[in-house]
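So that the names make sense, note that chain A is the first sequence line, chain B the second, and so on, each numbered from 1. Hydrogens, waters and symmetry mates are skipped; everything else that's a heavy atom, side chains included, is used.
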2 protein chains.
Amino acid sequence: MKEQIRHYFNRYVPFEEKEVDHFYSHLVSKSFKKHAYLLRPGQVCTSKIFIAKGLTRSFYIDDKGNEKILQFGIENWWISDTESFIKRIPSKQFIQALEDTTILMITREKLEELYVAIPKLERLFRIITEHTLMAIQRKYEFYMKMSSKERYESLIKGIPDITQRVPQYMIASYLEITPEYLSALRKND
Amino acid sequence: MKEQIRHYFNRYVPFEEKEVDHFYSHLVSKSFKKHAYLLRPGQVCTSKIFIAKGLTRSFYIDDKGNEKILQFGIENWWISDTESFIKRIPSKQFIQALEDTTILMITREKLEELYVAIPKLERLFRIITEHTLMAIQRKYEFYMKMSSKERYESLIKGIPDITQRVPQYMIASYLEITPEYLSALRKND
DNA sequence: CTGATTTCTTAAGATACCTTAATTATTGGG
DNA sequence: CCCAATAATTAAGGTATCTTAAGAAATCAG
């Protein structure tokens, strides 16, 4: 798993073996069975959470009691609740494993210590955050302009095996359409 | 204007007078008349752009020749084309002043030099980017779930004077509804 | 101040997507 | 392997939002 982190980091900033070792030694690894919760409403999301393996969904329950899926999280993606993490306020969302999932996490406190100890880490996370921002912004800018069908196709293109890994009604929730309508869309290719 | 930057920076990270001076001396200020373009498709967005005063829109032209507004930019907001900036690829969008607008900008090259000279700056931009990510993500997550009317109300809440500053058809484009329908929505309060 | 241009409104018919409810298909635990 | 629970489909009728087209209102340049 250290190798995975090393590889991921080096996509953004070249790191020496030693630096990765140092950082990695402060990461906490945790495994969750399918359906287990990584975060529940009311908890403060105190750590950055990196998915090493598996699949998660982030969702909340709306006024009418419906689950609203905000994001799927896959390998090599950060899935913390950004708002809860930054503002140190209780989260409103669930993060749930949809497959057996292994994460690597680091608390905010520890990370801030490490930013001082390994200044390059500050750079790394600036760059990672910039890239995440770019990806999220791009995704939503286009999602907003797309029809349901186009959003579905776009999701499949981004995560081709998502239909094998996630029940269809969750994909519908994520795309903000009803399961019935998604079913109808799929019927006419 | 230096005072404005100082104030903005200190919202995120405490800076000494001297450090702000140093950074500020590398910023380039530019003014644009209403309707002038800050960026056009084909150009690479080589600078981070901060709006000191005024109002801009970012938009692109879709397949059918329609303008699609992605963002409005107001005072104390960064409005660069993130993807073009990060990947150093030609932008697909226009950024246009909707009022007489003054920006402060800094090239990527200069900024990277300054990250080394003033390490605290790296931290500042990590934090700014984190906050921007949080804001953008939150905005879109909710926009996706909202009706047209709710999106309109949400925009007004965020930028109360937007209706005075921007023609209604641009607001409609931003909210991804037709001007006709926005007009109808406004009619029934 | 005035005509030209831009912006906003109105209304009728069309379409994308939703709601409800019932039926069928699939999956997982014992 | 089977039953219970979960997930997916179908269809009918409804609503939000779009399209088109025309006219009214506001703004801008000279």
Side-chain angles (χ1 to χ4, degrees), chain A residues 32-37 54-55 57 59 61-69 72 94 96-101 142-156 161-189, chain B residues 32-37 55 57 59 61-69 72 94 96-100 142-156 161-189:
Chain A
F32 295 86
K33 285 271 169 224
K34 185 171 180 173
H35 296 144
Y37 289 97
L55 176 63
R57 62 168 178 158
F59 68 98
I61 310 281
D62 75 3
D63 324 325
K64 290 169 193 152
N66 300 313
E67 291 178 359
K68 296 286 192 173
I69 296 183
F72 294 116
F94 296 84
Q96 183 186 32
L98 297 180
E99 299 174 352
D100 292 353
T101 294
F142 284 104
Y143 262 38
M144 287 290 296
K145 315 293 177 191
M146 285 178 187
S147 67
S148 303
K149 181 157 201 172
E150 289 169 324
R151 286 204 300 281
Y152 178 68
E153 286 160 357
S154 168
L155 173 63
I156 301 290
D161 59 358
I162 191 81
T163 51
Q164 272 69 60
R165 299 172 77 182
V166 171
Q168 201 166 297
Y169 75 92
M170 289 191 188
I171 292 180
S173 169
Y174 174 73
L175 295 175
E176 202 54 26
I177 57 184
T178 57
E180 293 82 0
Y181 191 57
L182 178 53
S183 179
L185 283 180
R186 281 164 46 92
K187 198 175 152 195
N188 345 322
D189 297 353
Chain B
F32 295 84
K33 285 270 170 226
K34 184 171 181 173
H35 295 145
Y37 289 96
L55 176 64
R57 63 168 177 157
F59 68 99
I61 310 281
D62 75 3
D63 323 324
K64 290 169 191 150
N66 300 312
E67 291 178 358
K68 295 286 191 173
I69 296 182
F72 294 117
F94 297 84
Q96 184 186 31
L98 296 180
E99 299 173 352
D100 292 353
F142 284 103
Y143 262 38
M144 287 291 295
K145 315 293 178 189
M146 286 177 186
S147 68
S148 301
K149 181 158 201 173
E150 289 169 324
R151 286 204 300 281
Y152 179 67
E153 286 160 358
S154 169
L155 173 63
I156 301 291
D161 60 357
I162 191 83
T163 52
Q164 272 68 60
R165 299 172 76 181
V166 171
Q168 200 167 297
Y169 75 91
M170 287 191 191
I171 293 180
S173 168
Y174 173 73
L175 296 175
E176 202 54 27
I177 58 185
T178 58
E180 294 83 359
Y181 190 56
L182 178 54
S183 180
L185 283 180
R186 280 165 47 92
K187 197 175 152 195
N188 346 321
D189 295 353

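- In this model, the phosphate group of D:dC18 is approached by a side-chain N or O of B:Thr178 to a distance below 4.0 Å at OP1 or OP2.
- Summarising the geometry, atom CZ belonging to B:Phe72 is positioned 7.0 Å from atom CG belonging to B:Leu98; distances are rounded to the nearest 0.5 Å.
- The nearest whole Å value for the distance from the CZ atom in A:Arg151 to the C1' atom in C:dC17 is 10 Å.
- Distance B:Leu175 CG to D:dT17 P: 11 Å, rounded to the nearest Å.
- For A:Thr101 (side chain) and A:Phe32 (main-chain N/O), no donor-acceptor pair under 3.5 Å exists by modelled atom type.
- For A:Tyr181, there are no ring pair (Phe, Tyr, Trp, His ring centres under 6.0 Å) partners at least two apart in sequence or on another chain.
- Taking the ring pair (Phe, Tyr, Trp, His ring centres under 6.0 Å) definition, one finds that B:Phe94 meets it with B:Tyr37, B:Phe59, sequence neighbours left out.
- Distance CD (B:Glu176) to C1' (D:dA16): 15 Å, rounded to an integer number of Å.
- Partners of B:Asp161 according to the salt bridge (Lys or Arg N to Asp or Glu O under 4.0 Å) rule, which considers only residues two or more places apart in sequence or in another chain, are B:Arg165.
- Here B:Arg151 pairs with nothing under the side-chain hydrogen bond (donor to acceptor under 3.5 Å, both in side chains) rule; sequence neighbours left out.
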Please write out the pairs of protein N or O atoms and N or O atoms of nucleotides 12-14 of chain C separated by less than 3.5 Å, giving the distance to one decimal.
none

Each nucleotide N or O in nucleotides 7-10 of chain D that has a protein N or O under 3.5 Å away: list the pair and distance.
| from | atom 1 | to | atom 2 | distance (Å) |
| --- | --- | --- | --- | --- |
| D:dA7 | OP1 | A:Tyr169 | OH | 3.4 |
| D:dA7 | OP2 | A:Tyr169 | OH | 3.3 |
| D:dA8 | OP1 | A:Gln168 | N | 2.8 |
| D:dA8 | OP2 | A:Gln168 | N | 3.2 |
| D:dA8 | OP2 | A:Tyr169 | N | 3.0 |
| D:dT9 | OP2 | A:Gln168 | NE2 | 2.6 |
| D:dT9 | OP2 | A:Ser183 | OG | 2.9 |
| D:dT9 | O5' | A:Ser183 | OG | 3.1 |

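- Judged as a side-chain hydrogen bond (donor to acceptor under 3.5 Å, both in side chains), and not counting sequence neighbours, the contacts of B:Glu176 are A:Lys145, B:Lys68.
- Put simply, CG on A:Leu185 is 16 Å from P on C:dT15, counting in whole angstrom units.
- If you measure from atom CD1 of B:Ile177 to atom P of C:dC8, you get 13 Å, rounded to the nearest angstrom.
- With rounding to whole Å, B:Lys145 atom NZ is found 15 Å from C:dC17 atom P.
- Terminal axes of the helix from C:dC1-D:dG30 to C:dG30-D:dC1 (five pairs each, C1' rotation axis) are separated by 60°, to the nearest 10°.
- Rounded to the nearest 0.5 angstrom, A:Ser183 OG and A:Gln168 CD are separated by 6.0 Å.
- When rounded to the nearest whole Å, the span between CD of B:Gln164 and P of C:dT7 equals 17 Å.
- For the pair A:Ala97 and A:Lys33, the tightest heavy-atom approach, listed with the atom from each and the gap, is CB-O, 3.6 Å.
- Between A:Asn66 atom CG and C:dT19 atom C1' the separation is 12 Å, expressed in whole Å.
- Residues passing the side-chain hydrogen bond (donor to acceptor under 3.5 Å, both in side chains) test with B:Tyr174 are B:Lys139, sequence neighbours excluded.
- A:Ser147 is linked by a side-chain hydrogen bond (donor to acceptor under 3.5 Å, both in side chains) to A:Glu150, counting only residues two or more places apart in sequence or in another chain.
- Between A:Ser173 and A:Ile69, the closest heavy-atom pair is OG-N, 2.9 Å.
- Expressed to the nearest 0.5 Å, how far NZ of A:Lys187 lies from CG of A:Leu182 amounts to 13.5 Å.
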Every protein N/O within reach of nucleotides 25-30 of chain D N/O, cut-off under 3.5 Å:
none

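- B:Ser148 approaches B:Ile177 most closely through the heavy-atom pair OG-CG2, 3.1 Å.
- Contact record, B:Met144 with A:Leu175: CE-O, 4.5 Å, taken as the closest heavy-atom pair.
- Counting non-hydrogen atoms under 4.0 angstrom, B:Ser148 reaches the backbone sugars and phosphates but no base.
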Can you give me the N/O atom pairs linking the protein to nucleotides 23-27 of chain C at distances under 3.5 Å, or say none if there are none?
none

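- A donor-acceptor pair under 3.5 Å is formed between the side chain of A:Asp100 and the backbone N or O of A:Lys34.
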